[in-house]
Colleague: 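This is the structure I have questions about; it appears just below.
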Amino acid sequence: MDQIVIQGGHALRGEVRTSGAKNSALPILASTILGGGEYVLTNMPRVVDVLTMGKLLGMLGVAVSHDGNRTVVQAHGITSTEAPYDLVRTMRASVLVLGPLVARWGEATVSLPGGCAIGSRPVNFHLAGLEKLGAKVEIEHGYIKATARRLKGARIYFDTPSVTGTENLMMAAVLADGTTVLENAAKEPEISDLAEFLNKRGARIAGAGTDMVTIEGVTALHGADHDVIPDRIEAGTYLVAGAITRGEVTVEACRPGHMEALLVKLRESGVELLEEKERIRLKAPGRLKGTNVRTCPHPGFPTDMQAQFVALMAVAEGTSVVTETIFESRFMHVEELRRMGADIRVEGNRVVVTGKERLTGAPVMASDLRASAGLILAGLAAEGTTEVSRVYHLDRGYERLEEKLQALGGRIERRKGK
Ligand code: EPZ
């Protein structure tokens with residue numbers, strides 16, 4: 001297995017370009033099952049999860065070809081309605097094919113995703129919503145079996161906002177008979193991006209990006225091209241890389257408006273930020289000060305930036321409290337940061353971080369995508385050498401991370417596994 005090796009203690013300087021958003025590319029690819037011909041998708045991130053979704057669509061009979069950050073999808077028909085366990089267990093977002101399959105082809109057999117390192121992550125909202133739309137849903141042998149002649153519009157209320165839950169049911173409702181209203185829906189920018197793509201293809205979605213989304217069902221969609229939005233989590237990760245190394249970094253091709261909660265917290269910790277339309281300049285001249293953070297659904301502080309921010313607070317002055325409200329076990333990075341000398345106490349769903357002047361490099365292990373990003377950032381700030389193993393987690397959601405960090409002056413390299 002590959003490892004990433006970092007010589008820490010060097011301030012990052014320069015420009016870095018943001019790739020397209022993984023969490024937008026995945027539902028956009030899944031939505032091509034709703035049919036309609038050919039799609040040219042640009043600014044697609046070259047990450048493992050996008051390749052996995054392409055493979056899944058291929059298994060269903062949808063042709064997907066990638067050329068750099070451009071993906072062409074031919075969705076003229078399908079040959080299967082089954083998403084197998086072996087693939088779904090490698091990527092939970094595979095559940096996003098459920099809504100489109102039932103809506104367009106009247107049936108779907110999708111493996112239940114199962115548990116995950118960061119939490120139990122059930123899909124009960126997705127299933128209850130499909131039943132509200134008139135589908136018959138059963139669980140058999142670890143698979144969701146859903147059937148429907150034609151879905152029927154309905155009012156669906158989410159107990160708590162769910163990103164892929166909102167996306168799955170929004171896609172299903174596009175071809176339903178009548179009007180669907182999603183209440184207490186998630187408001188993440190990736191949901192608005194998906195709705196924009198669907199509306200270009202003839203869907204009638206209003207209110208995406210708010211907690212009330214209304215979908216007027218239509219009978220068919222046509223093809224369209226789309227440029228995927230920038231990845232706000234990747235952009236945020238590079239901003240924290242600049243801050244944790246006390247450097248000066250400009251993140252290009254990003255959308256500051258999608259990252260306000262993070263920018264507020266970075267400023268609170270003492271970072272200087274200059275926001276332009278699609279660029280953020282960061283300056284972190286000295287040692288930062290601790291600040292408290294609470295993860296929340298968008299537009300609150302994103303849980304996908306929590307691990308990176310805990311790493312930053314580990315070298316800030318004073319004490320910070322970071323509270324995780326979305327996933328019940330998303331502190332796997334804490335033990336590894338402690339191995340690097342961090343002073344962090346876990347108390348239920350929050351951590352109390354007492355900042356240290358310096359961390360020391362150590363061999364550490366990644367447990368999930370964002371935890372691995374947090375460990376890389378800690379390694380960039382630490383004295384000496386850090387070796388991060390199980391970096392396959394990282395490749396799922398970051399395009400060419402070590403190359404981009406090298407371009408900013410980071411002493412980082414990938415060591416190929418045997
Ligand atoms: C999406 O996951 C993202 N994944 C996650 O990013 C992100 O962490 C998460 O939203 C929260 O922002 C993709 O977009 C592919 P949720 P999702 O449904 O949709 C509970 C990354 O690092 N819930 O919004 O699976 C759930 O357990 C990944 O890129 C139910 O109880 O998250 C959680 O506590 C990690 N029942 C809360 O809701 C349901 O049916 C929010 O989860 C659905 C969710």
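Every number for a ligand or one of its atoms is a count from 1 in the order of the listing. Index from 1, following the sequence.
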Colleague: According to the side-chain hydrogen bond (donor to acceptor under 3.5 Å, both in side chains) rule, which pairs have a member within residues 299-309, sequence neighbours left out?
Modeller: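 Residue pairs with at least one partner in residues 299-309: T237-Q308, T303-E324, T303-R330, D304-R330, Q306-E324, Q306-H333, Q308-Y398.
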Colleague: Under a 4.0 Å heavy-atom cut-off, what residues line ligand 1?
Modeller: K22, N23, A93, R121, P122, V123, N124, F125, H126, T160, P161, S162, V163, T164, T303, D304, I326, F327, R330, L369, R370
Colleague: Pairs of donor and acceptor atoms involving the side chains of residues 94-115, under 3.5 Å and at least two apart or interchain, shall be tabulated with distances.
Modeller:
| unit_1 | atom_1 | unit_2 | atom_2 | d |
| --- | --- | --- | --- | --- |
| S94 | OG | M91 | O | 2.5 |
| W105 | NE1 | I33 | O | 3.2 |
| E107 | OE2 | T81 | OG1 | 3.0 |

Colleague: Do the side chains of K136 and E131 get close enough for a salt bridge, i.e. N-O under 4.0 angstrom?
Modeller: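 Salt bridge between K136 and E131, a charged N being under 4.0 Å from a carboxylate O: no.
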Colleague: Hey, is R414 close enough to D2 for a salt bridge, meaning N to O under 4.0 Å?
Modeller: yes
Colleague: Quick one: side-chain hydrogen bond (donor to acceptor under 3.5 Å, both in side chains) pairs with a partner in residues 254-263, sequence neighbours left out?
Modeller: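 Sorted result for residues 254-263: empty, none.
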Colleague: So, for Y39 and F197, is the gap between ring centers shorter than 6.0 Å?
Modeller: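 Yes; F197 has its ring centre under 6.0 Å from that of Y39.
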